[in-house]
Asks: 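Pasting a structure here, questions to come.
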There are 2 protein chains.
Amino acid sequence: MLWERAREPHAHRWSLPGGGLRVDEDVESSIRRQLAEKVDVRQLSHVEQLAVFSAPDRVPGPRVVATAFLGLVPSDVDPEVPADTSWHCVDKLPSMAFDHSSIVHRARHRLGSKLSYTNLGFALAPPEFTISLLRDHYSAALGYRVSATNLQRVLSRRLLLEPTGGTAPPGPSGGRPAALFRFSAKGIKVTDPFAVLRPPGSGRPAGGSGSP
Amino acid sequence: MLWERAREPHAHRWSLPGGGLRVDEDVESSIRRQLAEKVDVRQLSHVEQLAVFSAPDRVPGPRVVATAFLGLVPSDVDPEVPADTSWHCVDKLPSMAFDHSSIVHRARHRLGSKLSYTNLGFALAPPEFTISLLRDHYSAALGYRVSATNLQRVLSRRLLLEPTGGTAPPGPSGGRPAALFRFSAKGIKVTDPFAVLRPPGSGRPAGGSGSP
DNA sequence: CAGGTTTTCGCCTACTGGTCGAAAACGTGG
DNA sequence: CCACGTTTTCGACCAGTAGGCGAAAACCTG
């Protein structure tokens, strides 16, 4: 989501929403406040620090140190934005002000990476979703097609998918109605990475009961 | 590596090395300069931004925004440090100044997580190392025993271990001399995460050449 | 009700990680 | 100098995991 600058420098170019840090707030409170004030985006499903951008010449004039954030909004919410603000596809970005273009690319890379070793993908979807919708979000964020079959099995084995019992109506061209799921967070967060080298003794959840 | 504060506030308590940002440097240059100036630590095998700590009351007086870094030094280098500086085990930390204790815990958690989905473990070892040494580093950082057999096979299958041909002399109690390896970086960095949900068609690295 | 569409499920295969035990290579003590 | 303990290395086995079909289910349109 970008905001078209009205004033110099870089007037009429697109920039990321943000602003100065007040003395009585930390950086996360600040970005949440600014999003709420300026563009009315409050329903963030995930917010994390991306990186500090601090090159001395990143903006004209005195140096400005910026803490960039990665924020995700579920795909079903479409917040009202002011006239000078609009959503852009990360594959077709306009010319951007300052170093904001590199910030966006860094965020895109972070999201793609985290999809592989965390469950952050659920933050992209509404509270109830179909596997196809989740697959589309994964595909868009990763940049390649992922199989719905495989995605469902992988997430199911991790006990992350909980069927709601309901179904979503099929599209205009028909098709079997898709089952609805919700994220089954059994004490875990979407940001928790799953280990690859595990502690010993955690390989076999349940041995064959009794004697073979 | 901690530094004992001489002045108030928090005099005589331990704190992380660091200092103010100059106008002509970015934050990474700054922390590298300060480490080089104050404690003569130059041989960092890995440096990454950890997080921004910006709570308004994190230090007495005017608010100070700090960009914390995670820096790794290979286990074979032992840089000379001034009298007021010394290394501490993260399991036995002294009382620390400001919010530096939470910064260290955050760094520890980050390192443990990244060992699971990147090859950052190689940054802990010297350029040439034995599997046992690498296992000890993994065990220390993760907090549980990892098997040398498994570690070697996992890393070998990822084509990350390149034997140097040399061997390390056995310890005082004998034992077979251990083979030496180096990190085989074929165009990859230790920070690159390995994907879990892979792009299609990448399952089989090398098909059987010809007809078996 | 026939045909097209989308989702879901089961099966098969390949790969990956955990565990175990044997063998190799070394030092030490009798 | 040879038996013994120690440490590393390697192979084998097993279970769990992911990718790739293809069939079946469930829906819409004409």
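Below, chain A is the first sequence line, B the second, and so on; all start at residue 1.
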Asks: Could you state the CD-P distance from A:Gln152 to D:dG20, rounded to the nearest angstrom?
Replies: 17 Å
Asks: Between B:Ile131 and A:Pro177, name the one whose nearest nucleotide on DNA chain D is closer to the 5' end.
Replies: B:Ile131
Asks: Between A:Arg32 and A:Asp26, does any side-chain N to carboxylate O distance fall below 4.0 Å?
Replies: no
Asks: For the pair A:Arg110 (side chain) and A:Leu50 (backbone), establish whether a donor and an acceptor sit closer than 3.5 Å, ignoring hydrogens and angles.
Replies: yes
Asks: Could you tell me how far apart A:Phe181 (CZ) and C:dT7 (P) are, to the nearest whole angstrom?
Replies: 12 Å
Asks: Where the side chain of A:Thr149 is concerned, which of D:dC21, D:dA18, D:dC27 is the nearest nucleotide?
Replies: D:dC21
Asks: Using atom CZ of A:Arg145 as one end and atom P of D:dG20 as the other, report the distance to the nearest whole Å.
Replies: 14 Å
Asks: Given C:dT7, D:dC21, C:dG17, which nucleotide is nearest the side-chain atoms of A:Ser132?
Replies: C:dT7
Asks: What integer distance in Å separates B:Asn150:CG from D:dT8:P?
Replies: 16 Å
Asks: Expressed in angstrom and rounded to an integer, what is the separation of A:Leu160 atom CG from D:dA18 atom P?
Replies: 11 Å
Asks: If you check every side-chain atom of A:Arg176, which of D:dT17, C:dG18, C:dT6 has the closest atom?
Replies: C:dT6
Asks: Is there a side-chain polar atom (N or O) of B:Ser173 under 4.0 Å from OP1 or OP2 of D:dT7?
Replies: yes
Asks: What integer distance in Å separates B:Leu161:CG from D:dC10:P?
Replies: 11 Å
Asks: Check whether A:Ser54 reaches the backbone of A:Val65 with its side chain - one donor and one acceptor, N or O, closer than 3.5 Å.
Replies: no
Asks: Nearest heavy atom decides the nucleotide; on that basis, is A:Gly171 or A:Arg153 closer to the 5' end of DNA chain D?
Replies: A:Arg153
Asks: If you compare every side-chain N and O of A:Arg158 against the phosphate oxygens of D:dA18 (OP1, OP2), does one of them come in below 4.0 Å?
Replies: yes
Asks: Indicate, with a heavy-atom threshold strictly under 4.0 Å, whether A:Ala179 touches base, sugar-phosphate, or nothing.
Replies: sugar-phosphate
Asks: Take atom CG of A:Leu180 and atom C1' of D:dA26, then tell me their distance rounded to the nearest Å.
Replies: 15 Å
Asks: I need the minimum non-hydrogen distance between A:Leu16 and A:Met1, along with the two atoms involved.
Replies: CD2-O, 4.4 Å
Asks: Take the protein atom CG of B:Leu151 and the nucleotide atom C1' of C:dT16, then report the distance between them rounded to whole Å.
Replies: 14 Å
Asks: Between the base of D:dG16 and the side chain of A:Arg157, is there a donor-acceptor distance below 3.5 Å?
Replies: no
Asks: Do you know the tightest heavy-atom contact between A:His10 and A:Ala97?
Replies: ND1-CA, 3.2 Å
